[in-house]
Amino acid sequence: MTSTKGLEGVVATQSAISSIIDDTLTYVGYDIDDLANNASFEEVIYLLWHQRLPKEDELAELKQQLIAHMPVPQEVYDHFKMYPIDKVHPMSALRTAVSLLGLYDEKSEDMSDEANYEKAIKIQAKIVTLVTAFGRIRKGLEPVAPKAELGYAANFLYMLSGTEPDAIEVEAFDKALVLHADHELNASTFTARVCVATLSDMYSGVTAAIGALKGPLHGGANEQVMKMLAEVGSVDNAEAYIKDKLANKEKIMGFGHRVYRKGDPRAKHLREMSKKLTALRGEEKWYEMSVKIEEVFTAEKNLPPNVDFYSASVYHSLGIDHDLFTPIFAVSRVSGWIAHIREQYANNRLIRPRADYTGPGMQKYVPINER
Ligand code: COA
């Protein structure tokens, strides 16, 4: 048996949800550029879950259902107060909170299609409340209830800050959600599929996926990018900073990709948004530093930025705490996880690969007093 480190190049499943072919990303056959420029996040959720774009009434119904299901049981808020919330990473809190939600859903073990669709709506809706309530409760603020007249992206920003966002903020955030929604068999999506392929429930699949997304080689990279930008501090420091890191064989977060070779098609949209939003805030330095880092890094390594690089300065410009960047990734990607979980259930087989054993040969047990 031979193994491939990191399963590079291994085709592990068939899927009709999203594809990466020749550096073009599509959701159900729609180019991500087309969707980023035209579709709302709710349309994308519908697309991923139904494999077609919604008609007006279908979209209106989905929007209404998502808002109706945003409230969470009081016990979930209470649990945020049970531990030193200011010392907990929000991705750890989110992982536990999604698992906890499953305990309060009487249909969590019901594996029918109908129950799973209901769970899909509930999880997609409630994840907004989990992230925003956590962000507020740790500052001593009360959670904010959603407004029926706002869309998904606007509600997220409103429920986090307590004030209604500007149209330009909503547009940027909505686009960021569209861009992060699905990405073929990325690590967290694969994790979700492996989990539910045992016929475990949807809450378990999403909880497992959040754990996988958290790491800095995956979704956790966006928070690390912001940390780097803060350390760099000014455009003038960027070149020396990057060269120093590379000389120490350190990775630069927000660059490189397992699949893309020429570039991540999502990055250009975020770069454009970063330019616009940082200018609006009068904080152009975050964009300018990012551009300089890209210039220096790509000259050294010839690896283009990925989705996480410019999303950092976008979220920062929206006034979002840096450790909430990865939870926001989860708020969007959960739509893709759910699509993949449902696809897995619809045509399931246990996912159980083999390992190329490299340990010692056969050994005889030695009693403890003879070792
Ligand atoms: N900074 C510096 N070097 C990088 C790099 C980065 N961000 N990404 C890849 N490389 C280098 C590696 O050091 C390695 O060089 P070597 O062959 O000389 O040892 C080579 O490129 C291949 O990298 P590897 O980590 O094996 O590629 P991978 O396909 O396993 O990993 C990522 C892909 C995304 C995990 C990797 O590019 C990375 O760690 N990027 C930073 C984290 C990040 O932004 N993650 C978000 C992804 S959307």
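Just so you know, ligand 1 is whichever comes first in the structure, and atom 1 is the first atom listed for that ligand. Source: prediction; values computed, not measured.
- Listed as neighbours of ligand 1 are P216, L217, H218, A221, K251, I252, M253, G254, F255, G256, H257, R258, F297, K301, L303, N306, D308, each bearing a heavy atom under 4.0 Å from the ligand.
- Judged by the 6.0 Å and 45° rule, K301 forms no cation-pi pair with F255.
- Residues meeting the side chain to side chain contact (heavy atoms under 4.5 Å, CB included) test with R258, sequence neighbours left out: E8.
- Taking the six-membered ring for Trp and thresholds of 30 and 60 degrees, H180 and Y315 have ring planes inclined between 30 and 60 degrees apart.
- Partners of Y77 according to the ring pair (Phe, Tyr, Trp, His ring centres under 6.0 Å) rule, which considers only residues two or more places apart in sequence or in another chain, do not exist here.
- Relative orientation of the F80 and Y83 rings is perpendicular, given thresholds of 30° and 60° on the angle between their planes.
- If you chain together ILVMFWY residues whose side-chain heavy atoms come under 4.5 Å of each other, Y357 ends up in a group of its own.
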